[in-house]
Amino acid sequence: AQSVTQLGSHVSVSEGALVLLRCNYSSSVPPYLFWYVQYPNQGLQLLLKYTTGATLVKGINGFEAEFKKSETSFHLTKPSAHMSDAAEYFCAVTTQGGSEKLVFGKGTKLTVNP
Amino acid sequence: ETGVTQSPTHLIKTRGQQVTLRCSSQSGHNTVSWYQQALGQGPQFIFQYYREEENGRGNFPPRFSGLQFPNYSSELNVNALELDDSALYLCASSRRDRDYGYTFGSGTRLTVV
């Protein structure tokens with residue numbers, strides 16, 4: 001069974017500072033990994049995903065994440081935070097084949113201070 | 001390319017009632033999944049439909065049921081509503097075996113009183 005742990009339910013950064021949101025996964029088979037963002041009262045928007053190939057994945061809005069198999073991690077980063085990045089971020093895992101269900105972490109709420 | 005549309009956006013029901021939520025999948029997608037997101041939690045997988053049949057189910061009781069129609073739209077039905085069913089219900093569509101490109105709708109906020 002797969003699981004996702006997001007370290008830190010709340011992260012606060014200053015505008016222009018580095019954003020680092022942590023995600024560790026557990027999977028007995030090669031995982032596919034995702035980061036989604038959720039703004040208040042909205043659905044989920046895909047930021048980026050890792051399926052196969054290059055382990056450094058670039059997404060929308062300047063975000064990127066690196067798949068590290070040895071550390072079972074898929075941390076999300078952005079070099080310079082913007083006020084519009086304030087939202088909740090979810091890491092999710094699935095595996096090739098099967099029912100393709102996504103298993104989500106509990107989320108990290110990002111606050112950006114002016 | 002149309003996205004995923006869910007209706008209604010908000011709903012208030014009384015405990016014990018039944019509710020139906022609707023989802024129109026993105027053009028070109030043939031698979032629909034439903035998720036429940038309780039306040040302050042990550043989404044939890046309810047079930048998935050492919051070719052009008054349930055194709056995988058999470059840890060939800062049988063009073064949660066669904067349908068997928070020939071046009072790939074879907075319904076989520078919940079019978080005998082309980083207070084703990086209050087949540088945001090998210091629908092996600094995808095094209096099976098292609099790139100794991102899940103597209104989520106904006107959700108239906110269900111409040112059970």
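Quick note on labels: first sequence line is chain A, next is B, and so on, each numbered from 1. Predicted model only: the values in this text are computed from it and were never measured.
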With no hydrogens and no angle check, just 3.5 Å: does a side-chain donor-acceptor pair link B/N77 and B/T20? yes
Where on B/Q6 is there a heavy atom nearer than 4.5 Å to chain A: the side chain, the backbone, both, or neither? neither
Short side-chain donor-acceptor distance under 3.5 Å, A/Q42 and B/S106: no
Should the ring pair B/F64 and B/F60 be called parallel, tilted or perpendicular, given that the plane angle runs from 0 to 90° and is split at 30 and 60? perpendicular
Relative to chain B, which segment of A/Q38 carries a heavy atom at a distance below 4.5 Å: side chain, backbone, both, or neither? side chain
Angle class for the B/F104/B/Y35 ring planes (parallel below 30°, perpendicular above 60°, tilted otherwise)? tilted
Honestly, the part of B/F47 sitting under 4.5 Å from a heavy atom of chain A is neither
